[in-house]
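Here is the structure we will look at.
One-based numbering along the sequence shown.
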Amino acid sequence: MPFQVFESASKTILSPTTGFIAEAGFTHSLTPARNCTYGCTYCYVPTMGIYGGLKPDDWNHWGQFTTFKSNAPELLATQLHGGEIIYCSPLIDPYQPAEESIRMMPRILNELLARPPKIFVIQTRGPLILRDLDLLVTLAKRTGLRVSFSITTNREDIRRIYEPHCETMKCRLNAIRKLREAGIATHATLAPLLPCDPEQLAAAVLEATDRDIIGDPLHVRAVKPRGATTRQAAIAISDRHEFSAWLDPNFQKEVAARVGDVVTKAGRRFATGPEGFRWLTQ
């Protein structure tokens with residue numbers, strides 16, 4: 001995927017939380033860049049506009065470039081005080097493709113090692129996180145480190161049409177296993193729940209992780225009249241491929257219930273929304 005990578009100084013790096021992630025128990029969010037080179041068709045962030053700290057080029061050309069906050073580590077050195085419960089990141093994937101060359105996350109992790117917060121959660125779908133495994137293992141000894149790894153479907157044909165620039169599910173499940181084997185608390189997070197076989201998806205993530213399973217369906221205006229929602233690109237794909245039911249709140253509840261049945265029978269918990277994400281902060 002061709003994309004451009006820029007860098008720009010930022011005024012701040014830790015932001016007090018609001019809404020969904022505040023309800024889940026996070027005190028701060030940390031977003032190392034603006035715009036994400038995964039460019040997933042469903043990503044809700046571009047729909048937030050300026051409320052997501054974006055500029056018009058970001059939401060009009062989502063996924064075509066990213067702008068890293070060049071002074072993020074230096075800002076962390078002054079803003080970390082030790083009691084924070086940090087979500088990294090609600091607006092971009094910290095292990096997006098552009099991170100491979102910029103290597104911002106190792107610099108951020110080193111600052112966290114010097115000034116550990118109470119809890120640090122990495123939300124990603126990027127197997128590139130394994131590059132920093134040694135740093136993560138060390139950080140896990142000094143703070144409550146959790147990884148929330150996004151698994152969206154068990155079908156590769158679905159991944160290719162909704163998130164064509166993301167790694168395969170096989171690769172992502174393997175990353176979860178390796179993080180778990182290294183002693184990193186790693187949740188499989190079924191978010192968003194794309195068209196799939198719910199039972200097979202549940203079985204796959206139960207094998208990969210030893211943690212409870214978190215989920216979240218595609219956001220829809222029918223149940224969320226304001227704020228972030230699923231991008232029009234994913235809605236158009238759903239219509240074109242006859243997957244519109246996956247945007248219906250009642251159908252979404254049925255899918256979540258089917259996943260939950262499998263997870264519960266395995267002796268673990270499954271929850272969607274803030275209830276599930278709250279497990280990351282406890």
For Phe68, all residues meeting ring-ring contact (aromatic ring centres under 6.0 Å, His included), sequence neighbours excluded: none
ILVMFWY clustering at 4.5 Å (side-chain atoms), partners of Leu280: Phe20, Ile21, Phe26, Ile85, Tyr87, Ile119, Val121, Ile214, Phe277, Trp279
Start with the C-alpha gap between Leu109 and Phe120, add the side-chain angles, then the distance that decides, and say whether side chain to side chain contact (heavy atoms under 4.5 Å, CB included) holds. CA-CA 10 Å; Leu109 294 173; Phe120 187 69; 4.2 Å; yes
Judged by atom type as modelled, is there a donor-acceptor pair below 3.5 Å linking the side chain of Thr281 to the main-chain atoms of Ala24? yes
Calculate, to the nearest 0.5 Å, the distance between atoms CG and CG belonging to Leu139 and Leu113 respectively. 5.0 Å
Backbone of Arg211 reached by a side-chain donor or acceptor of Arg268 within 3.5 Å: yes
So which heavy atom on Pro127 is nearest to which on Phe149, and how close? N-CZ, 3.9 Å
Heavy atoms of Leu218 and Tyr42 approach each other most closely as CD2-CB, 3.7 Å
Going by side-chain contact (heavy atoms from CB on, under 4.5 Å), name the residues that satisfy it together with Ser70, two or more places apart in sequence or in a different chain. Glu7, Ala9
With the side chain counted from C-beta on, respond yes when Thr153 and Pro195 share a heavy-atom pair under 4.5 Å apart, and no when they do not. no
When you compare the side chain of Gln232 with that of Ile235, does any pair of heavy atoms fall below 4.5 Å? yes
To the nearest 0.5 Å, what is the distance between CD on Gln123 and CG on Asp93? 8.0 Å
Does some side-chain heavy atom of Arg231 sit less than 4.5 Å from a side-chain heavy atom of Trp62? yes
Under the 3.5 angstrom rule, does the side chain of Ser101 hit a backbone N or O of Ala98 as a donor-acceptor pair? yes
Using only atom types and a distance under 3.5 Å, with no angle test, would you say the side chain of Thr152 pairs donor to acceptor with the backbone of Pro192? no
Going by side-chain heavy atoms closer than 4.5 Å, which hydrophobic residues are tied to Phe65, directly or by a chain of links? Phe6
Pro116 and its side chain to side chain contact (heavy atoms under 4.5 Å, CB included) partner, picked from Thr143, Leu145, Leu80: Thr143
Give a yes or no on whether the backbone of Glu207 and the side-chain of Arg177 come within a donor-acceptor separation of less than 3.5 Å. no
Sidechain N-carboxylate O distance under 4.0 Å for Glu111, Arg107: no
Are the side chain of Thr209 and the backbone N or O of Thr186 linked by a donor-acceptor pair below 3.5 Å? yes
Compare every heavy atom of Gln252 with every heavy atom of Pro217, then report the nearest pair and how far apart it is. CB-CD, 3.4 Å
So, are Arg155 and Asp157 salt-bridged, with charged N and O less than 4.0 Å apart? yes
Heavy-atom donor-acceptor pair, Asn110 side chain to Pro106 backbone, under 3.5 Å: yes
Full working for side chain to side chain contact (heavy atoms under 4.5 Å, CB included) between Ile176 and Ile151: CA-CA 10 Å; Ile176 292 175; Ile151 302 292; 3.9 Å; yes
Which heavy atom of Met104 sits nearest to which heavy atom of Lys69, and what is that distance? CE-O, 3.2 Å
So, Ser8 versus Thr67: side-chain donor-acceptor pair below 3.5 Å or not? no
Heavy atoms, side chains only, cut-off 4.5 Å: are Val137 and Lys141 in contact? yes
Among pairs that include at least one residue of residues 9-27, which meet side chain to side chain donor-acceptor pair (under 3.5 Å), considering only residues two or more places apart or in two chains? Thr12-Gln79
Can you measure from CH2 (Trp246) to CD1 (Ile237) and round to the nearest 0.5 angstrom? 15.5 Å
In terms of heavy-atom contacts, Pro32 and Cys88 come closest through CD-SG, 4.3 Å
Could you tell me whether the side chain of Thr230 and the main chain of His219 form a donor-acceptor pair under 3.5 Å? yes
More than 12 heavy atoms of other groups within 6.0 Å of Glu242 CD: no
Do the side chains of Arg159 and Glu167 get close enough for a salt bridge, i.e. N-O under 4.0 angstrom? no
How would you list, by chain and number, every residue that makes a ring-ring contact (aromatic ring centres under 6.0 Å, His included) with His28, sequence neighbours excluded? none
Intermediate values then yes/no, side chain to side chain contact (heavy atoms under 4.5 Å, CB included), Asn35 and Ile92: CA-CA 6 Å; Asn35 206 323; Ile92 62 102; 5.6 Å; no
Do the side chains of Leu76 and Arg115 get nearer than 4.5 Å, heavy atoms only? no
With a 4.5 Å cut-off on side-chain heavy atoms, are Pro249 and Val220 touching? yes
Evaluate Asn154 against Met169 for side chain to side chain contact (heavy atoms under 4.5 Å, CB included), listing each step before the verdict. CA-CA 7 Å; Asn154 66 307; Met169 293 303 155; over 6 Å; no
Can any side-chain N or O of Asp261 pair as donor or acceptor with the backbone N or O of Arg258 at less than 3.5 Å? no
What is the minimum heavy-atom distance between Pro117 and Glu84, and which atoms define it? CB-O, 3.5 Å
Do any N or O atoms from the side chain of His165 and from the backbone of Cys40 form a donor-acceptor pair under 3.5 angstrom? no
Does some side-chain heavy atom of Phe270 sit less than 4.5 Å from a side-chain heavy atom of Val262? no
Would you say Tyr162 and Ser238 make side-chain contact, with heavy atoms under 4.5 Å? yes
